[in-house]
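Right, one structure below, let's go through it.
In what follows, chains carry the letters A, B, and so on, assigned in the order in which the sequence lines appear, proteins first and then strands, with residues in each chain numbered from 1.
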Protein chains: 4
Amino acid sequence: MPRHDAAIAPEEAARAARSDARRRQVLHAAVPLMERSGSPAVSMQAIADEAGVSVGLIYRYFASKQELVQAVTEGVLDDMARMLAETVEPEEDPVRQIAGAFATYCTVIRDSRQAVMLTYRESNTLDEVGRSVVKELEVRTVEPLRSAVDTAVEQGLLRPIHAELFAYDLLTVAHSWALKHWYFAPRMTFEEFLRSQTALLLSTAIHPEHRHRYPDLLGDLA
Amino acid sequence: MPRHDAAIAPEEAARAARSDARRRQVLHAAVPLMERSGSPAVSMQAIADEAGVSVGLIYRYFASKQELVQAVTEGVLDDMARMLAETVEPEEDPVRQIAGAFATYCTVIRDSRQAVMLTYRESNTLDEVGRSVVKELEVRTVEPLRSAVDTAVEQGLLRPIHAELFAYDLLTVAHSWALKHWYFAPRMTFEEFLRSQTALLLSTAIHPEHRHRYPDLLGDLA
Amino acid sequence: MPRHDAAIAPEEAARAARSDARRRQVLHAAVPLMERSGSPAVSMQAIADEAGVSVGLIYRYFASKQELVQAVTEGVLDDMARMLAETVEPEEDPVRQIAGAFATYCTVIRDSRQAVMLTYRESNTLDEVGRSVVKELEVRTVEPLRSAVDTAVEQGLLRPIHAELFAYDLLTVAHSWALKHWYFAPRMTFEEFLRSQTALLLSTAIHPEHRHRYPDLLGDLA
Amino acid sequence: MPRHDAAIAPEEAARAARSDARRRQVLHAAVPLMERSGSPAVSMQAIADEAGVSVGLIYRYFASKQELVQAVTEGVLDDMARMLAETVEPEEDPVRQIAGAFATYCTVIRDSRQAVMLTYRESNTLDEVGRSVVKELEVRTVEPLRSAVDTAVEQGLLRPIHAELFAYDLLTVAHSWALKHWYFAPRMTFEEFLRSQTALLLSTAIHPEHRHRYPDLLGDLA
DNA sequence: AATGAATGAGTGTTCATTCAT
DNA sequence: TATGAATGAACACTCATTCAT
């Protein structure tokens, strides 16, 4: 390998690293602004100010506001996906896997309520491509849940329910802590919400023969 | 009754009627535009063009764009509330009442998918007052469902579940046909969605002793 | 004279009278609004509301807003001219005539401060024709003062001063109670203003030989 | 001094200088337009066109049209104040000081007739703060005149007249060359106006014992 | 004679985007 | 690489004016 290449490669790597850091810097500034006010109400100038860079610089890293919004949305979903991945504890019993994953979802959503709302709100700001990326991310997010449900059904722990439907319902209900927070928050604590929803939804699905195994999950409905 | 009143009243009534017609005309034009693109992306000019009136005229009937957005959102929710009220069939059995209401919800939502998405999206465009109006409307919408659940629990037909939670879950899941349409639609028909969700959610809640009464609702899960 | 004419004439007179009343009604409403805020800030709608008539009606009596502003300005000047004419007391001594007229000017201006300011402000809203009408009115207003000065000079009661200049200075200084009210009002009462200005300006002009005749006018400067 | 400062300071200074130049460029374009037509009749677009910049740019230097109007008015008054300050010649004799200052006022006003009219017209466009700034500027402008009058009275050169009143009358009369230009201009030259007014007003005030000292100022009235 | 609904050009203002430095 | 001055199209909103009733 010629010296030339050897000299350039690290340079390029460094540049790429710096570039990435810049992107993150801008995104980091944009996220809370857009969570609070929605992207149309946030100007590029405001983002630049918040990030401590110039407007022009943002355009070096994002071709347009549209693209920045896209990146923000994806970033938010990515973060949530990462948090989920990091937090889900491995469980032997697939039912407990489901319950654990649901609890994790809810907890992550509790901590990122604004982010969840952002993904719902911005979805129509995005173009077709952007939207499909977001959808894919979401599908990937439910995936572990769905496969756990599948396994549980196969093992006869759950009744023969529609796995995709059930998994998505779990996600939807978890999201509702964010989307309907104004409704739930004055009526119950997050812990109550989590406990009740777990009992409610799992008791649906668990095969009667195996209900006795999960008194802790089913609570009053055991 | 004096002639004065007799002469004035119809005139005013006629004016009020015309005024109302104009409002509706504008709203009628604004709704699909906002459903498609979200209010920030729809200009007053575009609405005026669509309605076939001048921009100035819109401001005779709506003090600001904000107010128009508010009216659009409320109108959409009102329509849905009315459709619900008209369609819910009276049932003796509270469980069947719940199932019927859920089916109605889902059907209305199927027919007003864009409207549902609009209410989620615009909620952050609205001001505090507007938002609370929207919330109230939604609460009023779940109310019949909640009271049916309450009754069913009291009669021992359902397990001792959290009525508000369950009712809201039903609404949330119904909404998901709109919000997650891109996910569900390629995987199942609306009828399958409705049947599966009904079975899934009710099977959760129905007291084991009474499950045998509802084989039609529970399907495979009976 | 044919009966035809005899029948029509009173009708027309009545119509003219009604028409005049309408004009006055509108002007009456417009004057305080324009005095307060300046014509550009007052909408035709606001004037119509204040007058208790419809916008359309105003256009039956005034061809345009411009013309209405013109009429308002002329009306205000006319009123002041009339008040002056009514209040000036006939005096034998031309010097006392001058002093009396000046006092009257000042008093009228004190009571119509806003009107005076309006004439200064609106002068550039008017077109060339309108402006010249206003100027003519003002010239006619100073006229009695100027002729009194002329007479006084001829009779040797005043030094050989420039009559037009002096008369206009008197008007200008009288106006200054309105134009510089923010300056004078905190420093002196209107009576002090009037007394001091009279003494100051007349003492300028009165021929030394005749100063002893007017101790009441000259005060400390006698 | 660290290099850092040495490097930054000039940059910032240069930026400030450019920024100032832009402000002046815009003001320079706005002044004649507003002098001619009054601020409400001048659109931001018109100003931008006149200045050869874009509308948007104006808003980088002036937060609103209001602020621009304010700046124009203050600028005009500032200019006049500066011209006055530069032109007033120091005189030993306070009476000659007064006459000199009056002549300067009149001359400046002759050269800035439109500016004077603008200050009268725009005063009601300004908000309370803006108005008080303008008033303060005017008071500061009369100040030298007022103090000269005070001195002259103390030295017995003038009769015991009200210094503030007299000073303000001098200003008012000087302004009248602008405000009543349509009246004076066809009747006399500026020089005649200045000479006559000086004689008229000073002859008022000069103590009889000292009149003989100022035959040049008093002219025919000596 | 009188209304006021309707118009649409025009306003002040914002902001995504570009580009000379 | 980084800046921020500069652009100008677009926006929400107003209001003098017209005209069908």
Open item on the list: Near DNA chain E, counting only heavy atoms under 4.0 Å, which residues of residues 53-74 of chain D show up?
Closed with: D/Val55, D/Gly56, D/Tyr59, D/Ser64, D/Lys65
Open item on the list: Output the rounded distance in Å from CD1 (B/Ile47) to P (F/dC13).
Closed with: 11 Å
TODO: Could you say whether D/Gly52 or C/Met44 is positioned toward the 5' end of DNA chain F, judged by the nucleotide with the nearest heavy atom to each?
DONE: D/Gly52
Task: Positive for side chain to side chain donor-acceptor pair (under 3.5 Å) with D/Gln70, one of D/Gln66, D/Glu74, D/Glu67 - done: D/Glu74
Task: Lys/Arg N to Asp/Glu carboxylate O, B/Asp127 vs B/Arg131, below 4.0 Å - done: no
Task: Between E/dA5 (C1') and B/Asp20 (CG): distance, integer Å - done: 15 Å
Task: Donor + acceptor pair across side chains of D/Ser39, D/Glu122 (<3.5 Å) - done: yes
TODO: Please tell me which of B/Ser39 and C/Ser43 maps to the more 5' nucleotide of DNA chain F, matching each residue to the nucleotide holding its nearest heavy atom.
DONE: B/Ser39
- [ ] Starting from P on F/dA5, measure out to CD on D/Gln25 and report it in whole angstrom.
- [x] 14 Å
Task: F/dA10: pairing nucleotide in any strand, Watson-Crick or G-U under 3.5 angstrom - done: E/dT13
Open item on the list: So, does A/Arg22 get its side chain near the phosphate of F/dT1, meaning an N or O under 4.0 Å from OP1 or OP2?
Closed with: no
Open item on the list: Under 3.5 Å for both donor-acceptor distances, Watson-Crick or wobble: does F/dA20 have a partner, and if so which one?
Closed with: E/dT3
- [ ] Not counting sequence neighbours, which residues clear salt bridge (charged side-chain N to carboxylate O under 4.0 Å, His left out) with C/Asp78? List them please.
- [x] none
Open item on the list: Between B/Arg18 and E/dG4, is there a contact of a side-chain N or O with OP1 or OP2 at under 4.0 Å?
Closed with: no
